[in-house]
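Notes for the one structure printed next.
Counting begins at 1 with the first residue of the sequence.
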Amino acid sequence: MYTTRGRYWISLLTAGALLMTLALAGCQRKDPDASGDDINWNVGSSASVPGDVSGDTASGGEPSGDASGDTTSGDATQNGGRPVNSSGSDGGTTNGQTPNGDSSKTPTPGGDKTEPAGKPVTYYVDSVAGKDTNNGLSANAPFKSLGRVPHGDLTPGSKVLLKAGSYFKEQLGLTASGKEGAPIVYDMYGTGAKPIIDGGGKFEVINVRNVQYLEMRNLEITSKGASGNIVRGITFTSGGKKHAGGALNHIYLTNLTIHGMKAVVGRGSAGIYIENGESLNPCWYNDFRIEGCEIYDTGACGIIINSNYGKRAEITKWDLQKLPFTPATNVVIKNNIIRDLPGDGMWISTTKGAVLEYNTVYNTGDGTNTAYAGMWPHNSDGCVMQYNEVYGNRLGGGDGQGLDVDINCNDTLIQYNYSHDNEGGFLLVCTDGETGHYNRGTVVRYNISRNDRNSLVTIKGIEVTGLQVYNNTFITDFGYPAGTISTLLWSRNDAVFANNLFVDRAPAASRFVDAKDGEGNPRDNRGLVMTFESNFFAGQAPEEEETIRVLPSNRTGEDPGLAAPEDPGPQGCRLRPDAPCAYAGKRLMDRGERDFFGKRAMDAPPSMGAHEPEKA
């Protein structure tokens, strides 16, 4: 995200430098578990991973954010909680020491190997009725602790089943992979509450490194305890200086509940954190699905996807991600609830074709260390955000929109979303001020915005081109004090607004198109290239200016023809068949298959707004 020129990159570089310093400090400290709590890292005896893992952590710092919020004073719980494998390698964070600082106390691999080697095994774990002297191979003889499961020795098709109602105060390090058609599965058995894994306030509850064909479902993940450091529910990392690279396939997270963390506010902390690190060859995730999860009260962000492989060939300066652009593919984030946290709901970087749909994101972004938003792609191509509800996101450190398309994004599609009551507005489309950076080809259609504040649409950066905003319904009872369309643009820009319905029931508080300078002060609109065509304005409307075209096909009036204007939700945005907006829009080459409410688009001219009513 971008607020004023230069602030973005200064915060990134400072954060990265501090994280590197702290990582090195963590390597030298002998007692990362300084609290004295009995937290166990549980891993297997021999990792089964694609490629050769050196044990190095993924290179590069955390993604964007103000350094004052994303790092700590060096408490080793930030880095000392990495899992330890049986060979003594510690992932590069504890200098060969086990989590309790005693190299003689490497966590036991656990799990009696009573099954033939190579065959899938199902292990049962019950914290209440289990015993660690059991073999764990049936619901009648479960283990008591997760540490008895040989997590690193699991073969493709194996399952680890946790009894409903169990509580484990442990940390997990997972290194074993399944294979196509035979993933390794972590799930629950029995009826009742989801089993809980509690990381005790440490850096990560679960660390998954260089793993593919893994499914986790029906678990509750928390990390209770004093922290104030970077804390994550689940961390997925790839890479290492000896790792061969390539795709890590098929990671499915389903029906997880992740909450209860006291983290430093910043993009280094999240309920789910995913990062591609440096390898011998580029590495990336493919077929990564997060579905039906609830993430809240993480102390920072909901979902973060980041990569060191983000440097596009056409961009000269891009210090955040220095390796050649290699995006994650087939990422689907669907049907999740993300709420009540001070950072971003989702920050999705370096992806191609990611689909973010049917999510509910609310009450995020009150952190003041940097700018946050509800959900947004960054440095990504072809992202689709659709059928989401985003609301109540706050203007803490800046931005505060429900939806955002950010730096170096191409061909983003935003459709069928319901945005309301976001303090920063409905949408931010931006890049930063660096030469060569851009935001290109964003399409915004068939969305509804109700009572989003500050500014409806904000456009910022050195190049924002190809922006198309059509067939949306925008209604406010409060007005937009920063301008219906707020801009901070320096160079190339063009935007088309067509077939939209704008209803502004408040007295005009600013210009409809309101350009700002780098300090946020109003300036003239010269240099803005915008076209308004076939829109309906009930209330304030744009004015024709040098490069702002307001065509005669636009309409104005007090009554746009809403069927139930008293309804405060999306149903209140339906049009009457005799509405002046009905079938009065411009024919578009690509109008979408359906309107907001699911009605198939017809051959007739489109209406103005997100609803196509039945013909009178």
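Applying the side-chain contact (heavy atoms from CB on, under 4.5 Å) rule to E294 yields the partners Y296, I337, R339; only residues at least two apart in sequence or on another chain are considered. Every residue two or more places apart in sequence or in another chain that forms a salt bridge (charged side-chain N to carboxylate O under 4.0 Å, His left out) with K163 is listed here: D126. Partners of T222 by side-chain contact (heavy atoms from CB on, under 4.5 Å), not counting sequence neighbours, listed by chain and number: I196, D198, K224, H259. Annotation: salt bridge (charged side-chain N to carboxylate O under 4.0 Å, His left out) contacts of E463 (sequence neighbours excluded): R440, R492. Applying the side-chain contact (heavy atoms from CB on, under 4.5 Å) rule to T473 yields the partners I448, I475, L501, C573, A610; only residues at least two apart in sequence or on another chain are considered. Applying the side-chain contact (heavy atoms from CB on, under 4.5 Å) criterion to A164, with sequence neighbours excluded, gives M188. Residues forming a ring-ring contact (aromatic ring centres under 6.0 Å, His included) with F236 (at least two apart in sequence, or on another chain): F288. Evaluation of the ring-ring contact (aromatic ring centres under 6.0 Å, His included) rule for Y189 yields Y124 as partners, not counting sequence neighbours. Y167 meets the ring-ring contact (aromatic ring centres under 6.0 Å, His included) test with no other residue; sequence neighbours excluded.
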Are N439 and T431 close enough, and set up right, to give a side-chain hydrogen bond (donor to acceptor under 3.5 Å, both in side chains), and what steps lead you there?
CA-CA 6 Å; N439 189 306; T431 185; over 6 Å; no
Audit row: Y416, Y387, ring pair (Phe, Tyr, Trp, His ring centres under 6.0 Å) steps and yes/no:
CA-CA 5 Å; Y416 311 124; Y387 304 110; 5.0 Å; yes
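Scanning both residues, N388 and Y358, for their nearest heavy atoms gives OD1-N, 3.3 Å. Scanning all heavy atoms of the two residues, the minimum distance from E291 to N336 falls at C-OD1, 3.5 Å. Here the shortest heavy-atom pairing between G569 and R450 reads O-NH1, 2.9 Å.
Taking the six-membered ring where the residue is Trp, H250 and Y213 present parallel rings, their angle staying beneath 30° rather than reaching 60°. The aromatic rings of H420 and Y391 lie parallel to each other, with less than 30° between the two planes, well short of the 60° mark.
A salt bridge is absent between E204 and K202; no separation between the charged side-chain nitrogens and carboxylate oxygens falls under 4.0 Å.
For K159, the NZ atom is loosely surrounded, since the number of other residues' heavy atoms within 6.0 Å does not exceed 12. The environment of NZ in K311 is crowded: more than 12 heavy-atom neighbours from other residues, nucleotides or ligands sit within 6.0 Å. Within a 6.0 Å radius of CD in E180, no more than 12 heavy atoms belonging to other residues, nucleotides or ligands are found.
Defined by atom type and a distance below 3.5 Å, a donor-acceptor pair is missing between the side-chain atoms of S349 and N379.
For the salt bridge (charged side-chain N to carboxylate O under 4.0 Å, His left out) condition, the pairs that include at least one residue of residues 356-376, sequence neighbours left out, are K334-E357, D366-R394. Among pairs with a residue in residues 408-423, those fulfilling salt bridge (charged side-chain N to carboxylate O under 4.0 Å, His left out) read D421-R453, at least two apart in sequence or across chains. Listed by first and then second residue, the salt bridge (charged side-chain N to carboxylate O under 4.0 Å, His left out) pairs involving residues 371-390 are R312-D381 (not counting sequence neighbours).
Only one option out of I251, T254, I206 pairs with M216 in a side-chain contact (heavy atoms from CB on, under 4.5 Å); it is I206.
The side-chain tip of R574 points at the ring of F597 from less than 6.0 angstrom away and within 45° of straight on.
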